[in-house]
Protein chains: 2
Amino acid sequence: MSRSNTDVSAEVEAEACPVQEVLDRVAGKWSILVMVAATRGPIRFTELERAIPSVSRRMLTLTLRNLERDGLMTRTVFPTVPPRVEYELTPMARELRTAFLTLTEWAEHHRGAIVDARHAYDERVTAS
Amino acid sequence: MSRSNTDVSAEVEAEACPVQEVLDRVAGKWSILVMVAATRGPIRFTELERAIPSVSRRMLTLTLRNLERDGLMTRTVFPTVPPRVEYELTPMARELRTAFLTLTEWAEHHRGAIVDARHAYDERVTAS
DNA sequence: CAGAATCCGACTGGATACTG
DNA sequence: CAGTATCCAGTCGGATTCTG
C-alpha cells in the first residue's frame with residue numbers, strides 16, 4: 001500500500017473496505033429481500049419465489065448460492081419425494097438485521113427529501 | 001400493487017423497499033468511497049481522484065452526478081481560473097454515516113467468518 | 001482543472017426449456 | 001419441487017480523446 005503524502009488519500013479505500021465488502025454481498029437487488037423473507041424462520045424455495053414475485057428463478061438461485069457461500073444462509077435438503085429444500089438465516093445474518101434497521105429508518109425518514117431533490121435536479125437539467 | 005392471498009408474499013417487497021432504495025443509490029462501487037472521502041469537509045474533483053485511485057474519471061463523474069441528484073452531495077463551482085469545483089456532503093448524507101458505522105462494525109466483526117465460510121464452501125464444491 | 005463524448009468489452013439479469 | 005442450462009438484451013464500467 002503506497003501511502004501518499006496527503007494523509008487523506010490512502011486511507012479512504014482502506015477505511016471503506018469492510019463496508020464495501022458488506023455491500024458487495026448485500027447490494028444485489030435480491031439478497032436483502034431474500035434475507036428479509038427468511039427472518040421468520042426456515043423457508044422453502046417456492047415460498048421464496050412467491051414472497052418475491054419479481055425475482056426470476058435464475059436470480060433467486062444465484063442469490064441463495066452466494067448467501068450460502070458467504071455463510072449467511074444454510075441450505076438443508078430433505079431427501080423426500082418430492083424434494084424439499086429449506087433455507088435458513090445463520091446467526092451471523094440475523095445480526096445484520098439490526099444494521100438494516102438503521103438503514104431503513106434513514107431511508108424512511110429521508111425518502112421524501114430524496115424524491116424532491118431528484119425532481120429539482122431533473123428540472124434544473126431539463127431547463128438547460 | 002396486487003396483494004397476494006398469502007399475507008407473507010406482498011409484505012416482503014413492501015417492507016424491504018426503503019432499504020432497497022438506500023442500497024440502490026449506495027450500492028454503486030464508488031458512492032460510499034466518495035462519501036467517505038468527503039466526510040472531512042468539502043473536497044475537490046482531483047482530490048477525489050487521488051483519494052480513490054481505482055476509480056476512473058468517468059465513473060467518478062457519474063457517481064458524483066447521482067449523489068448530487070439524490071441530494072446527498074452539493075456541487076459548488078468557483079468561477080476562478082483554472083476552474084475549481086468542490087463537493088460536499090449534505091446533512092442528510094452525514095446522517096447516513098451512522099448507518100454505515102453499524103454495517104462497518106458488523107463487517108469487521110464477521111469478516112473472518114465470511115472468508116472461512118467461503119473457503120469451506122468452495123472446497124465442498126471443488127470436491128464434487 | 002473539471003469535465004463531456006465516444007467506443008467497446010464484460011457482466012447482469014430475464015425468459016424459457018429441460019432434468020432428477 | 002428445486003433447481004440447471006441456454007440464449008439474449010441491456011447495462012456497467014474502463015480507456016481514450018476532446019473542450020471551456
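Taking CE of Met73(A) as the start and CG of Asn66(A) as the end, the distance is 12.5 Å to the nearest 0.5 Å. Taken from NE2 in His110(A) to CD in Glu105(A), the straight-line distance is 11.0 Å, to the nearest 0.5 Å. The distance from atom CG of Leu103(A) to atom OG1 of Thr102(B), rounded to the nearest 0.5 Å, is 7.5 Å. Note that CG of Leu48(B) and OH of Tyr87(B) are 8.0 Å apart. Values are rounded to the nearest 0.5 Å.
The distance between atom CG of Leu60(A) and atom P of dT12(C), rounded to the nearest whole Å, is 17 Å. One atom, CD1 of Ile52(A), and another, C1' of dG14(C), lie 16 Å apart when rounded to the nearest Å. Distance, Phe45(A) CZ to dT19(C) P: 18 Å, rounded to whole Å. In this entry the distance linking CG of Leu64(B) with P of dA4(C) reads 10 Å, nearest Å.
For DNA chain C, the neighbouring residues in residues 68-81 of chain B, judged by any heavy atom under 4.0 Å, are Arg75(B).
Counting non-hydrogen atoms under 4.0 angstrom, Thr61(A) reaches a base of the nucleic acid.
Side chains of Thr74(A) and Glu86(A) form no contact here, defined as non-hydrogen atoms less than 4.5 Å apart. Counting heavy atoms from C-beta on, the side chains of Arg75(A) and Phe45(A) never come closer than 4.5 Å. Between Leu67(B) and Val34(B) the shortest side-chain heavy-atom distance falls below 4.5 Å.
Of the candidate nucleotides dG3(C), dC1(D), dG3(D), dG3(C) has the atom nearest to the side chain of Arg65(B).
Proximity of a side-chain donor or acceptor of Arg97(A) to a complementary backbone N or O of Val36(A) within less than 3.5 Å is not detected.
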Heavy-atom protein contacts under 4.0 Å, nucleotides 13-20 of chain D, coded B base, S sugar-phosphate only, - none: BBB----B

